[in-house]
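Hydrogens, waters and symmetry mates play no part in the numbers below; they use all other heavy atoms, side chains included.
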Amino acid sequence: MRKQTIEYTSPLDALVAVTKRLSIYENQQKMDSEEFFYQYNQGQLSDDALFIEWANDYRHYLGLRQQLDQRLKYAA
């Protein structure tokens, strides 16, 4: 499987895109991303390629949220 790199013009655009991907995983697996990530980090789920991608997307989501939260805090 070949990875592709997508560049976004803003962290908000990236957040929207990753949130859409998380929603797809959640609908397919019938589990929200927060619960999935907890179980995955506890070793309760396999290292299936889908789970690895989901975990990476969730880590990306958390990083983007933190970045945007900091920007909003300093803008206020």
How long is the gap from [atom1] on [X] to [atom2] on [Y], to the nearest 0.5 Å?
{"X": "Asp69", "Y": "Tyr74", "atom1": "CG", "atom2": "OH", "result": "11.5 Å"}
{"X": "Glu35", "Y": "Gln44", "atom1": "CD", "atom2": "CD", "result": "8.0 Å"}
{"X": "Tyr61", "Y": "Asp57", "atom1": "OH", "atom2": "CG", "result": "12.5 Å"}
{"X": "Gln67", "Y": "Leu62", "atom1": "CD", "atom2": "CG", "result": "13.0 Å"}
{"X": "Tyr40", "Y": "Asp48", "atom1": "OH", "atom2": "CG", "result": "9.0 Å"}
{"X": "Leu22", "Y": "Glu34", "atom1": "CG", "atom2": "CD", "result": "11.5 Å"}

| task | Answer yes or no: are there more than 12 heavy-atom neighbours, outside Arg59 itself, under 6.0 Å from its atom CZ? | result |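 More than 12 within 6.0 Å, yes.
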Indicate, with yes or no, if [Y] and [X] share a hydrophobic cluster defined by side-chain heavy-atom contacts under 4.5 Å among Ile, Leu, Val, Met, Phe, Trp and Tyr.
{"X": "Tyr38", "Y": "Met31", "value": "no"}
{"X": "Leu50", "Y": "Leu45", "value": "yes"}
{"X": "Phe37", "Y": "Ile52", "value": "yes"}

| Residues forming a ring-ring contact (aromatic ring centres under 6.0 Å, His included) with Tyr25, sequence neighbours excluded |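 Checked Tyr25 against ring-ring contact (aromatic ring centres under 6.0 Å, His included); matches are Trp54.
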| Test item: Asp47 and Phe51 side chains (from C-beta on) under 4.5 Å apart, heavy atoms |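 Asp47 vs Phe51: side chains apart.
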| task | Identify the heavy atoms of His60 and Val18 that sit nearest to each other, and give their distance. | result |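 Here His60 and Val18 meet closest at ND1-CG2, 4.2 Å.
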| message | If you compare all heavy atoms of Pro11 against all heavy atoms of Leu64, which two are closest, and at what distance to 0.1 Å? | response |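 Between these two residues, the closest heavy atoms are O-CD2, 4.0 Å.
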